[in-house]
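So the structure is just underneath, and the comments pick up after that.
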Amino acid sequence: MRVHVLYFASLREKVMASEASRELQDGACVGDLWNTLCREHPALEPMSASVSFAVNREYASRDQALRDGDEVALIPPVSGGR
Amino acid sequence: MRVHVLYFASLREKVMASEASRELQDGACVGDLWNTLCREHPALEPMSASVSFAVNREYASRDQALRDGDEVALIPPVSGGR
Amino acid sequence: MFEIHREPIDVAKVVAAVAHPAAGAVTTFLGTTRDNNEGRQVTLLEYEAYPEMAIAEMRRIGDTARQRWPIQEIAIAHRVGIVPIGEASVVIAVSSAHRAAAFEACRFAIDRLKEVVPIWKKEHFDGGEVWIGSQVGDVFPGGETEPRK
Amino acid sequence: MFEIHREPIDVAKVVAAVAHPAAGAVTTFLGTTRDNNEGRQVTLLEYEAYPEMAIAEMRRIGDTARQRWPIQEIAIAHRVGIVPIGEASVVIAVSSAHRAAAFEACRFAIDRLKEVVPIWKKEHFDGGEVWIGSQVGDVFPGGETEPRK
């Protein structure tokens with residue numbers, strides 16, 4: 001299956017791209033995609049503890065299964081502030 | 001001594017005047033002025049429990065002594081609301 | 001900025017009055033004329049002020065807010081005369097570095113304004129009119145029967 | 001009204017979006033660019049959004065606010081791109097019959113927005129720039145190290 005990946009903010013700058021397409025094994029989950037991307041872009045690895053994910057514009061956990069055509073967004077910590 | 005009296009809102013309508021001057025005995029206090037006004041305008045009497053007073057634009061208690069030239073405002077309950 | 005006037009209140013102007021380069025938060029409160037009250041169909045509200053004292057009391061609310069919270073600026077504008085349905089009779093704006101102070105100080109300012117600032121509201125409704133708070137038998141909004149200080 | 005755009009936010013327009021004849025209170029919150037942060041002289045902030053999801057999350061915040069408080073209307077506008085010192089990056093407005101609901105729902109909306117809406121802030125300061133929240137070693141704003149749901 002193929003998924004569409006969106007990078008934002010600090011992650012976009014680290015990979016120097018705002019989007020990409022990735023071929024994954026059937027049954028792959030969000031965490032598998034993240035691990036794949038980290039192997040390609042070791043600069044992502046330090047964000048492992050803080051990155052969140054959205055699948056088709058809904059927050060998703062790392063063990064959520066992916067399906068062909070999914071839009072997966074890598075979401076660094078949002079703006080925050082008090 | 002002579003004091004200047006200001007009427008607002010419901011009190012203004014009851015006495016049909018927005019201001020007046022009153023001669024008082026030396027040593028008179030805010031409460032004395034109110035009693036004098038209630039004798040002249042019995043329609044004020046029902047407001048006795050709810051009226052507040054200001055002397056020279058500061059809230060004042062009924063036992064505050066008045067002085068010649070004071071501006072005394074009769075203050076019905078303020079607009080309130082939640 | 002603490003002011004009372006008969007014209008409609010310009011919200012952007014009140015917000016601009018509290019602008020500050022060190023402010024990360026601005027809160028505002030607008031009190032607007034509701035079309036109903038206690039089951040009555042309200043047609044308009046009419047406000048009357050003791051302007052000199054009202055401005056002084058508004059300024060005092062500002063001073064107290066500054067003492068209690070780390071705010072940058074506070075502004076209060078009140079309209080008098082007729083205020084039609086949907087229009088604002090009062091606008092308060094508060095700026096602060098972080099939002100907690102601006103929210104708390106703004107809420108304090110409107111609560112206190114309604115208790116102490118000498119401005120009165122006459123409700124015009126289908127079939128009559130009444131000075132709010134001055135209905136016969138009424139006591140103070142908080143239920144006290146003693147005058148407030 | 002839930003919107004994201006690059007132009008300066010017109011506060012009066014956001015307030016107008018929550019106008020309602022049964023509303024006696026309108027609260028607003030403006031998040032503005034502060035000239036300093038953690039001892040740094042900030043020169044400007046730059047915001048980036050995942051617009052489709054951000055709008056959906058803002059709408060969800062509005063739905064939750066309506067479920068929790070008796071409010072009339074809620075509107076959220078967020079600016080993206082460069083936001084100079086003193087200008088607003090976000091404006092929230094809430095209307096309700098009585099003021100408690102408008103204050104509480106407005107506070108809830110900005111707190112929640114800062115936690116869940118996918119919008120990021122890059123701080124430009126004298127000597128550098130940084131994506132807030134993404135400094136190396138950072139965890140989530142609340143201190144969790146697990147992704148939020």
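A, B, ... follow the sequence lines: proteins, then strands. Residue 1 opens every chain.
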**Asked** For Ile110(D), is it the side chain, the backbone, both or neither that has a heavy atom under 4.5 Å from a heavy atom of chain C?
**Response** both
**Item:** Contacting region of Thr28(D) [heavy-atom separation from chain C under 4.5 Å]
**Value:** both
Minimum heavy-atom distance [X]-[Y], with the two atoms named:
{"X": "Ile119(D)", "Y": "Ala49(D)", "value": "CG1-CB, 3.9 Å"}
{"X": "Val26(C)", "Y": "Thr32(D)", "value": "CG2-CG2, 4.3 Å"}
{"X": "Glu57(D)", "Y": "Pro118(D)", "value": "CG-CD, 4.0 Å"}
{"X": "Arg79(D)", "Y": "Val83(D)", "value": "CD-CG2, 3.9 Å"}

Taking side chain as everything from C-beta outward and backbone as N, CA, C, O, which of these in [X] sits under 4.5 Å from a heavy atom of chain D? Side chain, backbone, both or neither.
{"X": "Thr33(C)", "value": "backbone"}
{"X": "Ala100(C)", "value": "both"}
{"X": "Asp111(C)", "value": "both"}

**Request:** Using a 4.5 Å cut-off on heavy atoms from C-beta on, say whether the side chain of Arg40(C) contacts that of Val130(C).
**Result:** yes
**Item:** His124(C) backbone acceptor or donor facing Thr43(C) side chain under 3.5 Å
**Value:** yes
If you count heavy-atom pairs within less than 4.5 Å of chain C, which of [options] leads?
{"options": "Ala88(D), Ser89(D), Ala102(D), Cys106(D)", "answer": "Cys106(D)"}
{"options": "Gly86(D), Gly31(D), Ala12(D), Ala22(D)", "answer": "Ala22(D)"}
{"options": "Ala97(D), Ser95(D), Ala93(D), Ala19(D)", "answer": "Ala97(D)"}

